[in-house]
S.K.: 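Just dropping this structure here.
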Amino acid sequence: MLDARFIRDNLEMVETRLRTRGEGVAMERFRQLDARRRELLQESEALKALRNKVSDEISRIKDKSQAQDRILEMRDVSQRIKAFDEELKGVEEELDLFLLTVPNIPHTTTPAGTSEADNVEVRKWGELPAFAFTPKPHWEIGEALGILDFERGAKLTGARFTLYKGAGARLERALINFMLDLHTERHKYVEMLPPFMVNRESMTGTGQLPKFEDDLFHLEGIDYFLIPTAEVPVTNIHRGEILKASDLPLCYVSYTPCFRKEAGSYGKDTRGLIRQHQFNKVELVKFVRPADSYNELDKLLANAEEVLRILGIPYRVIVLCTADLGFSAAKTYDIEVWLPGQNAYREISSCSNFEDFQARRASIRFREDDNAKPEFVHTLNGSGLAVGRTLVAILENFQQPDGKVAIPDALRPYMGGLEKIG
RNA sequence: GGAGAGAUGGCCGAGUAGGUCGAAGGCGCUCGCCUGCUAAGCGAGUAUACUGGGAAACCGGUAUCGAGGGUUCGAAUCCCUCUCUCUCCGCCA
């Protein structure tokens with residue numbers, strides 16, 4: 001959420017910057033509502049001041065019959081206050097809804113663009129594997145090895161659900177543990193295991209609500225949602241809190257399953273593990289001082305890249321342009337992993353700086369000193385990494401001519417010493 | 001699911017026959033004093049949001065005692081609804 005006062009004072013600039021996202025914003029409506037809100041507020045508060053003053057006088061009068069005229073007068077004043085407050089409530093509700101549906105302002109270093117084609121490659125890492133045969137897509141490898149069962153996944157639940165079997169299940173679990181160990185032990189993140197369903201306030205805090213409810217699984221009979229990413233519960237850990245500056249930056253890592261409806265992507269990625277309604281992810285989340293946030297974003301990105309470097313899987317990093325940027329983000333790097341079976345790079349991590357956008361929604365603040373005014377922190381997060389897609393990358397990059405799949409050295413201890421699947 | 005108890009400022013904890021309570025007291029914290037060296041003592045200060053004025057320092061107003069309604073000239077205090085926490089019973093991993 002943007003600061004209403006900031007919008008008020010920088011209306012044109014905000015409008016211009018938001019337009020680079022390809023999104024028109026009803027700034028004129030904001031201007032009207034904002035002005036009306038302050039008018040009503042002043043009227044109401046002036047009357048309240050009067051009522052407080054006179055009520056105080058009434059309290060000093062011993063013989064209440066002497067105060068009848070003032071009591072009657074204040075009875076009328078209270079009615080008028082009520083009328084103002086009712087209109088005010090309506091205006092504020094509309095204003096809040098407006099503010100909650102305005103996306104974040106892109107950072108100045110986010111490249112301008114009109115579509116994802118304008119995303120900019122930042123770097124490439126690793127050599128693309130050369131195969132003496134035509135590399136297979138992971139779903140063929142997985143089915144041939146008996147470690148991925150798409151048919152039975154669909155039988156159990158439906159489309160976009162998969163059953164992992166045997167070494168496949170073990171590999172998924174190995175990846176989770178490997179990533180958690182790397183980030184906690186080497187990168188010094190603190191591990192969190194949060195609830196996998198959250199309430200409406202949490203979803204609003206990170207920006208999934210009110211705009212993107214259609215993408216979320218909602219429970220029947222209780223107003224909870226399955227999390228689409230650990231970002232939601234983990235960022236909301238400190239919702240409504242004032243943190244100590246000495247505790248910053250707070251760096252958390254969290255494994256959770258993620259649940260997404262994938263509404264609007266019906267024809268896309270229907271085969272394989274790429275786009276599932278349920279997938280595993282290890283997420284990195286940071287709460288930092290505003291001045292440090294872009295430096296911290298670089299470090300977070302490097303921490304995520306480290307996973308692929310250790311596994312030895314080629315990838316590239318791109319920076320999203322204004323048109324491709326997510327709703328809450330000011331700047332985002334995507335890590336795209338090389339998938340030989342598809343002869344393409346595919347997203348495996350998205351690392352973003354939200355600046356104070358989420359912190360303002362969720363009221364997450366810190367004090368620089370004990371007597372300083374609270375300021376909003378900056379929040380960041382990034383996948384470190386999407387586990388299912390990492391498994392895909394392993395199957396496709398390390399497939400052998402005989403149909404087996406080599407397990408990267410770093411994962412072997414997590415696989416009971418297994419060197420190959422198959 | 002049944003029965004009961006509770007929710008107050010950074011923390012602990014007063015305050016319910018409605019008014020002088022943004023709220024005692026303690027702790028913590030900040031600044032200063034004192035003390036010949038990290039203790040004790042003394043003094044002052046110490047919530048947040050919105051809003052008006054001001055270049056600013058700052059000054060004024062309103063709101064906030066779990067949340068939302070209600071009664072009243074006036075509510076932390078009375079009434080209703082909800083949420084959460086704790087205890088006991090049942091159930092369960």
Side-chain angles (χ1 to χ4, degrees), chain A residues 1-10 30-100 193-205 209 219 221-225 233 236-248 250 257 287 356-377:
Chain A
M1 177 163 70
L2 303 178
D3 181 14
R5 236 173 326 188
F6 179 80
I7 300 178
R8 188 188 304 153
D9 296 339
N10 303 278
F30 167 81
R31 198 205 302 265
Q32 290 167 1
L33 288 168
D34 181 59
R36 184 64 184 148
R37 183 182 88 91
R38 281 179 296 153
E39 268 172 32
L40 290 166
L41 205 57
Q42 284 169 47
E43 301 264 25
S44 169
E45 291 189 348
L47 289 177
K48 283 175 184 168
L50 173 68
R51 184 179 66 186
N52 286 346
K53 182 166 153 276
V54 174
S55 289
D56 189 57
E57 287 168 17
I58 292 171
S59 74
R60 293 172 203 284
I61 295 172
K62 294 276 191 318
D63 180 359
K64 296 302 183 208
S65 66
Q66 298 286 308
Q68 270 315 306
D69 55 333
R70 270 179 268 203
I71 288 176
L72 287 172
E73 198 187 326
M74 287 309 107
R75 192 174 294 175
D76 178 57
V77 166
S78 281
Q79 288 307 310
R80 288 163 62 201
I81 290 173
K82 205 170 196 174
F84 279 125
D85 282 353
E86 243 161 68
E87 188 184 347
L88 183 62
K89 190 178 171 191
V91 170
E92 287 191 326
E93 275 172 10
E94 199 177 333
L95 203 51
D96 282 347
L97 189 63
F98 170 83
L99 288 172
L100 287 173
L193 184 62
F196 299 159
M197 48 182 95
V198 299
N199 59 32
R200 195 165 281 276
E201 291 68 45
S202 293
M203 283 295 186
T204 305
L209 292 181
L219 273 69
I222 187 165
D223 197 16
Y224 294 165
F225 298 87
N236 277 282
I237 286 172
H238 295 298
R239 172 153 52 86
E241 297 183 8
I242 298 178
L243 306 169
K244 282 192 288 187
S246 56
D247 291 339
L248 301 181
L250 285 170
F287 304 80
D356 63 5
F357 188 86
Q358 294 180 326
R360 180 172 292 107
R361 286 175 164 248
S363 189
I364 307 168
R365 296 174 291 175
F366 77 105
R367 270 185 229 279
E368 195 57 67
D369 300 301
D370 283 332
N371 288 329
K373 278 225 175 313
E375 303 171 54
F376 290 114
V377 300

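Computed from a predicted model, the values in this text were never measured in an experiment.
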S.K.: For B:G22, which nucleotide is its Watson-Crick or G-U wobble mate, given both distances must be under 3.5 Å?
M.R.: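 Here B:G22 is not engaged in any pair, so there is no nucleotide opposite it.
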S.K.: With a 4.0 Å cut-off on N to O distance, would you call A:E201 and A:R239 a salt bridge?
M.R.: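 No salt bridge links A:E201 with A:R239.
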S.K.: Looking at A:R38, does any N or O in its side chain come under 4.0 Å of the phosphate oxygens OP1/OP2 on B:C50?
M.R.: no
S.K.: State whether the side chain of A:R361 and the backbone N or O of A:T204 hold a donor-acceptor pair below 3.5 Å, judged by distance alone.
M.R.: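 At least one qualifying donor-acceptor pair exists.
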S.K.: Look through every strand shown and name the nucleotide pairing with B:G28 as Watson-Crick or G-U wobble, where both distances are under 3.5 Å.
M.R.: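 Here B:G28 is engaged in a pair, and the nucleotide opposite it is B:U46.
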S.K.: Which heavy atom of A:R360 sits nearest a heavy atom of A:M1, and at what distance?
M.R.: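 Shortest heavy-atom contact: NH1-O, 2.9 Å.
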S.K.: Taking atom C1' in both B:G6 and B:C65, what distance in whole Å separates the two?
M.R.: 14 Å
S.K.: From B:G70, B:C73, B:U62, pick the nucleotide closest to the side chain of A:K82?
M.R.: B:G70
S.K.: From the options B:C84, B:U51, B:G19, select the nucleotide whose nearest atom is closest to the side chain of A:R8.
M.R.: B:U51
S.K.: Just the rounded figure in Å: distance from C1' of B:A49 to CG of A:D96.
M.R.: 13 Å
S.K.: Nearest to the side chain of A:P374, heavy atoms from C-beta on, is which of B:U48, B:G52, B:C73?
M.R.: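 Looking only at side-chain atoms, A:P374 lies closest to B:U48.
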S.K.: In whole angstrom, give me the gap between the C1' atoms of B:G9 and B:A49.
M.R.: 15 Å
S.K.: Remember a base hit wins even if backbone is also touched, and classify A:I58 as base, sugar-phosphate or nothing at under 4.0 Å, heavy atoms.
M.R.: base
S.K.: NA contact type, A:K373, heavy-atom cut-off 4.0 Å: base, sugar-phosphate, or nothing?
M.R.: nothing
S.K.: If B:A17 has a Watson-Crick or G-U wobble mate with both distances under 3.5 Å, name it; if not, just say none.
M.R.: none
S.K.: Where the side chain of A:R365 is defined as all heavy atoms beyond and including C-beta, which of B:A49, B:G74, B:U51 is the nearest nucleotide?
M.R.: B:A49
S.K.: When the distance from CG of A:L40 to P of B:U62 is rounded to whole Å, what number comes out?
M.R.: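 The distance from CG of A:L40 to P of B:U62 comes to 18 Å, rounded to the nearest Å.
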S.K.: Go through B:G52, B:C73, B:U62 for me and flag the one nearest to the A:K48 side chain.
M.R.: B:U62
S.K.: Could you measure between the two C1' atoms, the one in B:G22 and the one in B:U64, and give it in whole Å?
M.R.: 9 Å
S.K.: Expressed in whole Å, how much space separates the C1' atoms belonging to B:U30 and B:G10?
M.R.: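 Approximately 13 Å lies between the C1' atom of B:U30 and that of B:G10.
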S.K.: Is the shortest side-chain N/O distance from A:Q42 to OP1 or OP2 of B:G52 below 4.0 Å?
M.R.: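 Yes.
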S.K.: Taking atom P in both B:A76 and B:C21, compute the distance separating them and give it to the nearest angstrom.
M.R.: 12 Å
S.K.: Quick one: is B:G74 close enough that its OP1 or OP2 comes under 4.0 Å of any side-chain N or O from A:R51?
M.R.: yes
S.K.: So if I take every side-chain heavy atom of A:A49 and compare against B:C73, B:G52, B:G61, which nucleotide ends up nearest?
M.R.: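 Comparing B:C73, B:G52, B:G61 against the side chain of A:A49, the answer is B:G61.
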S.K.: Identify whether any heavy atom of A:K53 sits under 4.0 Å from a base atom; if not, whether one sits that close to sugar-phosphate; answer base, sugar-phosphate or nothing.
M.R.: nothing
S.K.: Mind checking the C1' distance from B:U62 to B:C78? Whole angstroms is fine.
M.R.: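 Per the computed distance, 24 Å lies between those C1' atoms.
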S.K.: If you assign each of A:A46 and A:D56 to its closest nucleotide in RNA chain B, which residue comes earlier from the 5' end?
M.R.: A:D56
S.K.: Could you tell me whether A:E87 and A:R36 have a side-chain N and a carboxylate O separated by less than 4.0 Å?
M.R.: yes
S.K.: Which base, if any, makes a Watson-Crick or G-U wobble pair with B:G68, both distances under 3.5 Å?
M.R.: B:C80
S.K.: Using atom P in both nucleotides, what's the gap between B:G1 and B:C91 to the nearest angstrom?
M.R.: 15 Å
S.K.: To the nearest angstrom, how far is A:D9 atom CG from B:U51 atom C1'?
M.R.: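 The distance from CG of A:D9 to C1' of B:U51 comes to 14 Å, rounded to the nearest Å.
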S.K.: Is A:R70 touching bases, backbone alone, or none of the nucleic acid, heavy atoms closer than 4.0 Å?
M.R.: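 The residue A:R70 makes no contact with any strand.
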S.K.: Return the value, rounded to whole Å, for the distance between atom CD of A:E241 and atom C1' of B:A47.
M.R.: 16 Å
S.K.: In terms of side-chain heavy atoms of A:E45, which of B:U48, B:C50, B:G52 is nearest?
M.R.: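 It is B:C50.
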S.K.: Hey, is the main chain of A:L40 close enough, under 3.5 Å, to the side chain of A:S44 for a donor-acceptor pair?
M.R.: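 Pair absent, no side-chain N/O of A:S44 close to backbone of A:L40.
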S.K.: Can a donor-acceptor pair be found between the side chains of A:S202 and A:N199 at a distance below 3.5 Å?
M.R.: yes
S.K.: Can you check the A:D85 CG to B:A63 P distance for me, whole Å?
M.R.: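 Checked: the CG to P distance equals 10 Å.
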S.K.: Using a 4.0 Å heavy-atom cut-off, does A:R80 contact any base of the nucleic acid, only the sugar-phosphate backbone, or nothing at all?
M.R.: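 Result for A:R80 = nothing.
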S.K.: Nearest heavy atom decides the nucleotide; on that basis, is A:A372 or A:S78 closer to the 5' end of RNA chain B?
M.R.: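 Looking at RNA chain B, the more 5' nearest nucleotide goes with A:A372.
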S.K.: Whole-Å distance between B:C82 C1' and A:I222 CD1?
M.R.: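 To the nearest whole Å, that distance equals 13 Å.
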S.K.: Please name the nucleotide paired to B:G60 by Watson-Crick or G-U wobble geometry with both distances under 3.5 Å, or report none.
M.R.: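 For B:G60, the partner nucleotide comes out as B:U51, under the 3.5 Å rule.
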S.K.: Paired with B:G41 by Watson-Crick or G-U wobble geometry, both distances under 3.5 Å: which nucleotide is it?
M.R.: B:C33
S.K.: Given the P atoms of B:G43 and B:C34, what is the spacing between them in whole Å?
M.R.: 15 Å
S.K.: Please name the nucleotide paired to B:G74 by Watson-Crick or G-U wobble geometry with both distances under 3.5 Å, or report none.
M.R.: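 Its partner is none (no Watson-Crick or G-U wobble pair with both distances under 3.5 Å).
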S.K.: Using purine N1 to pyrimidine N3 plus N6-O4 or O6-N4 for Watson-Crick, or N1-O2 and O6-N3 for G-U wobble, each under 3.5 Å, what pairs with B:C88?
M.R.: B:G2
S.K.: The side chain of A:R367 is closest to which nucleotide in this list: B:G52, B:A47, B:G69?
M.R.: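 Given the options B:G52, B:A47, B:G69, the side chain of A:R367 is closest to B:A47.
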S.K.: CD1/A:I242 to OG/A:S363 distance, rounded to the nearest 0.5 angstrom?
M.R.: 7.5 Å
S.K.: Mind checking A:N52 for me? I need base, sugar-phosphate or nothing, with any heavy atom below 4.0 Å counting as a touch.
M.R.: sugar-phosphate
S.K.: Is the closest side-chain heavy-atom distance between A:K48 and A:D85 below 4.5 Å?
M.R.: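 Yes, close enough: below the 4.5 Å cut-off.
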S.K.: Rounding to an integer number of Å, can you tell me how far A:I81 CD1 sits from B:G74 C1'?
M.R.: 11 Å
S.K.: Can you tell me the distance, in whole Å, between the CG atom of A:L47 and the C1' atom of B:G52?
M.R.: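 Rounding to the nearest Å, CG of A:L47 and C1' of B:G52 are 15 Å apart.
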S.K.: Main chain of A:F30, side chain of A:D34: is a donor-acceptor contact present, judged purely on distance under 3.5 Å?
M.R.: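 Not confirmed, A:D34 side chain does not pair with A:F30 backbone.
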